[in-house]
Enquirer: 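Here you go, one structure.
Positions are given from 1 along the sequence.
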Amino acid sequence: MSDPVDLQVVVEGAEAAPHTVALFNWLGLEDELRGRVRPQRRAPEPGEMGASVELLTVAVGSGGAMVVLIQSVCTWLTSRRADVKVTISAADGRRIEVDIHRAADPMAVLREVAEQFPAAVERHSES
């Protein structure tokens with residue numbers, strides 16, 4: 001996984017668009033993720049004033065960005081009061097789902113990441 005891989009990050013739940021923007025802002029504060037997170041907008045629905053953020057794309061590769069992404073998402077979720085779920089997926093079908101309950105045990109989520117994205121976790125543990 002030395003080449004950057006784009007992951008899609010989708011927030012599901014009530015008022016998903018504002019939560020997606022909040023997660024985008026949160027992830028932008030992480031040094032390892034700065035400049036790697038891009039919002040993807042959808043066209044406005046009739047009656048809406050502008051396009052809303054539908055999902056985030058995060059470029060990860062070597063250097064542990066995947067681990068930082070997961071840890072940051074877990075921390076963000078535990079600070080939310082709303083019942084939202086975050087799904088992180090790769091183009092090849094690998095995916096991780098994290099909700100408020102799973103976020104309370106970030107090590108369990110990281111073990112799943114290690115199974116699905118072993119190269120990203122190995123590089124992080126070497127640094």
Side-chain angles (χ1 to χ4, degrees):
M1 206 163 146
S2 58
D3 295 330
V5 173
D6 283 346
L7 299 175
Q8 288 190 338
V9 178
V10 177
V11 178
E12 300 173 52
E15 300 181 19
H19 288 297
T20 303
V21 171
L23 180 58
F24 170 73
N25 292 331
W26 179 274
L27 295 175
L29 298 174
E30 294 284 356
D31 289 339
E32 184 75 31
L33 299 176
R34 196 165 291 126
R36 296 176 181 244
V37 183
R38 298 180 314 276
Q40 302 294 311
R41 300 187 184 279
R42 66 169 173 77
E45 297 290 329
E48 290 183 336
M49 300 266 300
S52 65
V53 176
E54 184 173 29
L55 62 95
L56 305 175
T57 301
V58 182
V60 298
S62 61
M66 179 66 172
V67 173
V68 172
L69 172 63
I70 294 299
Q71 289 172 330
S72 192
V73 165
C74 286
T75 302
W76 180 80
L77 276 168
T78 58
S79 71
R80 301 285 100 187
R81 292 181 186 232
D83 188 17
V84 296
K85 176 174 74 171
V86 176
T87 302
I88 301 167
S89 58
D92 62 8
R94 294 177 291 175
R95 63 190 284 136
I96 306 289
E97 292 182 359
V98 186
D99 60 18
I100 187 68
H101 306 290
R102 292 201 64 213
D105 186 4
M107 293 310 295
V109 178
L110 286 172
R111 284 191 294 276
E112 185 178 342
V113 170
E115 291 172 11
Q116 299 236 9
F117 299 91
V121 176
E122 288 168 13
R123 284 193 177 81
H124 180 72
S125 61
E126 292 171 2
S127 33

Enquirer: Is it true that Phe24 and Leu29 fall in one hydrophobic cluster, defined by side-chain heavy atoms closer than 4.5 Å?
Expert: no
Enquirer: Could you measure the distance from the CG atom of Leu55 to the CG atom of Leu7? Nearest 0.5 Å is fine.
Expert: 11.5 Å
Enquirer: Does any non-hydrogen side-chain atom of Val98 lie less than 4.5 Å from one of Glu112?
Expert: no
Enquirer: State the CG-OG distance between Asp6 and Ser89, to the nearest 0.5 angstrom.
Expert: 11.0 Å
Enquirer: What residue among Val9, Leu56, Leu23 forms side-chain contact (heavy atoms from CB on, under 4.5 Å) with Val37?
Expert: Leu56
Enquirer: Write down the atom of His19, the atom of Arg80, and the distance for their closest heavy-atom approach.
Expert: ND1-CD, 4.1 Å
Enquirer: Are Lys85 and Glu97 close enough for a salt bridge, meaning some N to O gap below 4.0 Å?
Expert: yes
Enquirer: State plainly whether the residues Asp31 and Arg34 are in salt-bridge range, i.e. N to O under 4.0 Å.
Expert: yes
Enquirer: Below 4.5 Å, heavy atoms only, C-beta onward: do Trp26 and Thr75 meet side chain to side chain?
Expert: yes
Enquirer: Quick one: closest heavy-atom pair of Ala104 and Thr78, and the distance?
Expert: N-CG2, 4.2 Å
Enquirer: Please confirm whether the backbone N or O of Val68 pairs with a side-chain atom of Ser72, one donor and one acceptor, at under 3.5 Å?
Expert: no
Enquirer: Within the structure provided, determine whether Val84 and Trp76 are in side-chain contact (heavy-atom separation under 4.5 Å).
Expert: yes
Enquirer: Checking side-chain contact (heavy atoms from CB on, under 4.5 Å) between Val86 and each of Leu77, Ile100, Val10, which is the one that passes?
Expert: Leu77
Enquirer: Any idea which heavy atoms bring Cys74 and Ala103 closest together, and the distance?
Expert: O-CB, 3.5 Å
Enquirer: More than 12 non-hydrogen atoms from neighbouring residues, nucleotides or ligands closer than 6.0 Å to CD on Glu15, yes or no?
Expert: no
Enquirer: Report the C-alpha separation of Gln71 and Glu30 in whole Å, then their side-chain angles, then the decisive distance to 0.1 Å, and conclude whether the side-chain contact (heavy atoms from CB on, under 4.5 Å) test is met.
Expert: CA-CA 10 Å; Gln71 289 172 330; Glu30 294 284 356; over 6 Å; no
Enquirer: Specify the closest pair of heavy atoms between Ala65 and Glu32, including all atoms of both residues, with the distance to one decimal.
Expert: CA-CG, 3.6 Å
Enquirer: What's the shortest heavy-atom distance between Val60 and Met66, and which atoms?
Expert: CG1-N, 4.0 Å
Enquirer: Where the side chain of Arg36 meets the backbone of Ala59, is there a donor-acceptor pair that is under 3.5 Å apart?
Expert: yes
Enquirer: If you count the non-hydrogen atoms of other residues, nucleotides and ligands that lie under 6.0 Å from CG in Asp83, is the total more than 12?
Expert: no
